[in-house]
Amino acid sequence: MAGQFWKPGSAKPRLIDDEDGGVLFYSTTPSSSSSYVNLEKERQRLPVYKYREAILYLVETHSTSIIVGETGSGKTTQIPQYLKEAGWADGGRVIACTQPRRLAVQSVAARVAEEMGVTLGEEVGYTIRFEDVTNPDLTRIKFLTDGVLLREMMDDPLLSKYSVIMVDEAHERSLATDILLGLLKKIQRRRPELRLIIASATIEAKSMAEFFHIRKRRPQLEGEDHGPQTEPAILSVEGRAFNVQIFYIEEPVSDYLRATVSTVMSIHNKESMGDILVFLTGQDDIDAAVQLITDEAQNSGKSSLGMIVLPLYSGLTRADQDLIFSPSPRGKRKVVISTNIAETSLTLEGIVYVVDSGFSKQRFYNPITDIENLVVAPISKASARQRAGRAGRVRPGKCYRLYTEDYFVNEMSAHGIPEMQRSNLASSVIQLKALGIDNILGFDWPSSPSPEAMVRALEVLYSLGVLDDDAKLTSPVGFQVAEIPLDPMVSKMIIASDQLGCSEEIITVSAILSVQSIWISVKGQKELDEAKMRFAAAEGDHVTFLNVYKGFLQSNRSSKWCHQNSINYHAMKKVIEVRQQLRRVAQRLGLALKSCENDMQALRKAVTAGFFANACRLEPYSHNGTYKTLRGSQEVYIHPSSVLFRVNPKWVIYNSLVSTDRQYMRNVISIDPSWLREAAPHFYQQQPLNLNRH
DNA sequence: GAGCACTGC
């Protein structure tokens, strides 16, 4: 039995069984009949101490507590306050609470500060990249992204200033969360007084409890009363969300776009007022659906008056995204067609109906080819529940699933595949190495990545000269690469730029490569292409980026200038921020900040030093621009968005691959093949490169 | 002449 049972005084928590039995859960809510409970209201009638005391008892007596509760259970905002009141922040200690997203960190911190009546940045503070709103002398409750906490471990591996660490949204299983959980488990062995709280929305508490269950080496000590229990406690708290009625489609549909359109029309014609949120997979689907629904509404006459159809995905301009949040005019129904950005990242108020296609785009990584792919794939039950929950925030809602109940019950997987098992692991491995985890293959992950992916990551790091023959971090390069908060290949490029005397330029390029895209289509595709040509450089996209950056500075960072040149102003502002951070890190690592002025050969050599593994050669006599990768002889093409499209230099290096019907190289630069052996003699020495051919 | 789910340091 994984759970612990406890009766807090006169209050009697309800005991409920897990779906698959065996695990005991506490519930602090009194009613067993209603499917939702409004905690805010309940607090007025019920003694608040029930929830509070249950939490405090568990944290006092258990090394790890797992709290399961949906939206509105108060776990995110209440628990840190309870801990502080109970003295867990006394004596200069700090309570840390992580979130996977920056926006969530900011808003939760602001809410807690407000509830406690304190100034944000004093007793309650937060840290995210580029923003540290804490005061080391005053801050007792600190909210931060999981990634920032990982970075903090590089200076303080045992996280010694924290008395309690709460990891929120653990069910999302982000890369940083999984690494953090593995490391926290290790820390706990060294720091038995440290308390962990794992907060999660779904009921998958059992495997998490199993992961954190530290079995004592000497069983005879088990009975003695030394310290907290090492078997995790599980507490389930019901949330405040309203009931959402679920509807399934009777027969499977082949065309979910058509099914979406007819479902939206039927909700609009038959159901009472309330906004509709539709989950589709990507920009293409969404734009098509917006068009179809708009057409349909116009054809059917009267209904066109009552509907505002809006797309939602991250590629939209800021102004278009803001439309989503403006209140719909009186008597109009808003229909938002969205990617899964609306599943977790953005919360829309006023949604009463959800239409769930059952699909989303997901990233998969193939360690054999070393290629990351974006594919449309079925979502998990956990995602389906999360999507449905978006309909129950303001009042009872309805969710229409475009798949059968039989499919949901019998075929849909319970949980998505953790990001750890779908990603290139080079960054994760180097972070663990920097924290002194030597045996990477034996690391205790919440869910282990494939051995192939681990081996591939070690190979890449070895070829970059970041790991030595014993798979230990090299000095100084390995440690420097680990310190730079970027992909190891980009970090290596920055370090190489020091000796080549072009660090200023390479840092600019790195910053631009780390934002989604600096181009934006404000007027049309033709204008975008023309704008690109104004900055285009014969060497390739990296040098083109430098030209854009120079122009932006010369315009005095003008948003008007960006608009005129089809450049995303918000992306450029982020570039400036990233660039400043990278310069600070470079200085700390003892790299010289130097400009190569117009010596673009130095810049291209630096790119080669980081990305030599992505070198490609144009096929001899190729008429359609076919390239082959040097490493795997994969057939690849220059992406039409590149300034080198149709230019087709003989030798190129790409920054990333996009896989559709073909493999497209994005962000391409031309090189001289002789630089490859210079940059990576060990990597290319055994391969019959035939550099002089062609 | 085609495409970018979403995060994060």
Side-chain angles (χ1 to χ4, degrees), chain A residues 98-105 127-132 144-154 169 172-180 279-287 312-316 338-346 357 359-364 372-377 379 383 386 416 419 422-423 427-428 430-431 434 481-488 490-491 510-511 514-521 525-526 528-529 532 568 571 574 577-578 581-582 584-585 624-625 637-642 644-646 656-667:
Chain A
T98 75
Q99 289 283 332
R101 280 172 293 276
R102 295 160 50 88
L103 201 69
V105 169
T127 307
I128 55 181
R129 189 184 188 186
F130 308 130
E131 228 183 311
D132 184 8
L144 65 177
T145 45
D146 42 18
V148 168
L149 192 61
L150 273 180
R151 286 278 153 191
E152 283 191 5
M153 287 181 75
M154 299 199 22
E169 312 289 1
E172 286 187 29
R173 307 299 301 276
S174 72
L175 211 49
T177 293
D178 268 15
I179 299 171
L180 195 58
F279 286 102
L280 290 181
T281 60
Q283 187 174 339
D284 281 354
D285 269 8
I286 289 167
D287 289 342
L312 177 61
Y313 43 82
S314 76
L316 290 174
S338 174
T339 59
N340 44 5
I341 191 171
E343 202 176 299
T344 50
S345 303
L346 289 178
S357 65
F359 290 96
S360 71
K361 279 196 187 170
Q362 290 161 42
R363 186 178 58 210
F364 289 92
E372 281 183 339
N373 247 334
L374 208 53
V375 287
V376 174
I379 62 169
S383 271
Q386 174 76 17
E419 201 182 2
R422 298 184 285 114
S423 308
S427 294
S428 305
I430 196 172
Q431 257 182 322
V481 167
E483 282 280 334
I484 301 175
L486 294 170
D487 180 280
V490 182
S491 305
S510 304
S514 75
V515 304
Q516 289 224 337
S517 174
I518 58 165
W519 304 108
I520 197 157
S521 176
Q525 187 59 41
K526 192 163 151 280
L528 175 59
D529 284 349
K532 222 176 252 184
N568 185 339
K574 192 163 175 223
E577 266 189 325
V578 176
Q581 186 195 28
L582 294 179
R584 279 197 302 273
V585 175
N624 60 349
Y637 297 84
I638 294 182
H639 195 281
S641 67
S642 168
L644 291 185
F645 178 68
R646 281 201 289 229
S656 62
L657 280 184
V658 182
S659 308
T660 52
D661 51 330
R662 285 175 167 184
Q663 308 279 2
Y664 284 106
M665 302 183 264
R666 286 186 72 209
N667 297 327

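Because the structure is predicted, anything quoted here is derived from the model rather than measured. Order of the sequence lines fixes the chain letters, A, B, ..., with proteins taken first and strands second; residue numbering starts at 1 for each chain.
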Note to self: Nearest to the A:Ser314 side chain among B:dC4, B:dG1, B:dC6, which nucleotide is it?
What the structure shows: B:dC6
Margin query: Output the rounded distance in Å from CG (A:Leu175) to P (B:dA5).
Written below: 20 Å
Checklist line | Rounded distance in Å - NE2 (A:His639) to P (B:dG1) | finding: 14 Å
Next item on the list: Take the protein atom CG of A:Leu316 and the nucleotide atom P of B:dG3, then report the distance between them rounded to whole Å.
Entry: 19 Å
Check: What's the closest nucleotide to the A:Val658 side chain, out of B:dA5, B:dC6, B:dG3?
Finding: B:dG3
Note to self: Could you tell me if A:Asp146 and A:Ser174 have a donor-acceptor pair between their side chains, going purely by distance under 3.5 Å?
What the structure shows: yes
Notebook entry, point to check: Just checking A:Glu172: base, sugar-phosphate only, or nothing, at a heavy-atom cut-off of under 4.0 Å?
Noted result: nothing
Next item on the list: Would you mind checking if A:Arg422 and A:Glu372 are paired as a salt bridge, meaning a charged N to carboxylate O distance below 4.0 Å?
Entry: no
Checklist line | Euclidean distance, atom CZ of residue A:Arg129 to atom P of B:dG8 [Å, nearest integer] | finding: 10 Å
Notebook entry, point to check: Which is true for A:Arg363 with a 4.0 Å heavy-atom rule: it touches a base, it touches only sugar-phosphate, or it touches nothing?
Noted result: base
Checklist line | Under 4.0 angstrom between A:Ser641 side-chain N/O and B:dA2 OP1 or OP2 | finding: no
Notebook entry, point to check: Heavy atom of residues 147-154 of chain A under 4.0 Å from DNA chain B: which residues?
Noted result: A:Gly147, A:Val148, A:Arg151
Note to self: Students often get this wrong, so: under 4.0 angstrom with heavy atoms, is A:Ile341 touching a base, only sugar-phosphate, or nothing?
What the structure shows: sugar-phosphate
Checklist line | Polar pair under 3.5 Å, donor/acceptor by atom type, side chain A:Asn624, base B:dG1 | finding: no
Notebook entry, point to check: Looking only at side-chain N and O atoms, does A:Arg666 come under 4.0 Å of OP1 or OP2 in B:dA2?
Noted result: no
Check: For A:Asp287 and A:Tyr313, does a side-chain donor sit closer than 3.5 Å to a side-chain acceptor?
Finding: yes
Note to self: Any base atoms under 4.0 Å from A:Gln283, or only sugar-phosphate, or nothing? Heavy atoms, all strands.
What the structure shows: base
Item checked: Closest nucleotide among B:dG3, B:dG1, B:dA5 to the A:Asp529 side chain -> B:dG1
Checklist line | Gap between atoms CZ and C1', on A:Phe364 and B:dA5 respectively (whole Å) | finding: 11 Å
Check: When we call it a touch if two heavy atoms are under 4.0 Å apart, what does A:Ser174 touch: a base, just sugar-phosphate, or nothing?
Finding: nothing
Checklist line | Closest-nucleotide ordering on DNA chain B, the 5'-leading residue of A:Gln362 and A:Asp487 | finding: A:Gln362
Checklist line | N/O donor-acceptor pair under 3.5 Å between A:Thr98 side chain and A:Thr145 backbone | finding: no
Next item on the list: Just call it for A:Ile128: base, sugar-phosphate, or nothing, with non-hydrogen atoms closer than 4.0 Å on any strand.
Entry: sugar-phosphate
Notebook entry, point to check: With under 30° as parallel and over 60° as perpendicular, where do the rings of A:Tyr664 and A:Tyr637 fit, or are they tilted in between?
Noted result: tilted
Margin query: With a cut-off of less than 4.0 Å, is there a side-chain N or O of A:Thr145 near OP1 or OP2 of B:dC9?
Written below: yes
Check: For A:Glu419 and B:dC6, what is the distance between atoms CD and C1' respectively, to the nearest whole Å?
Finding: 9 Å
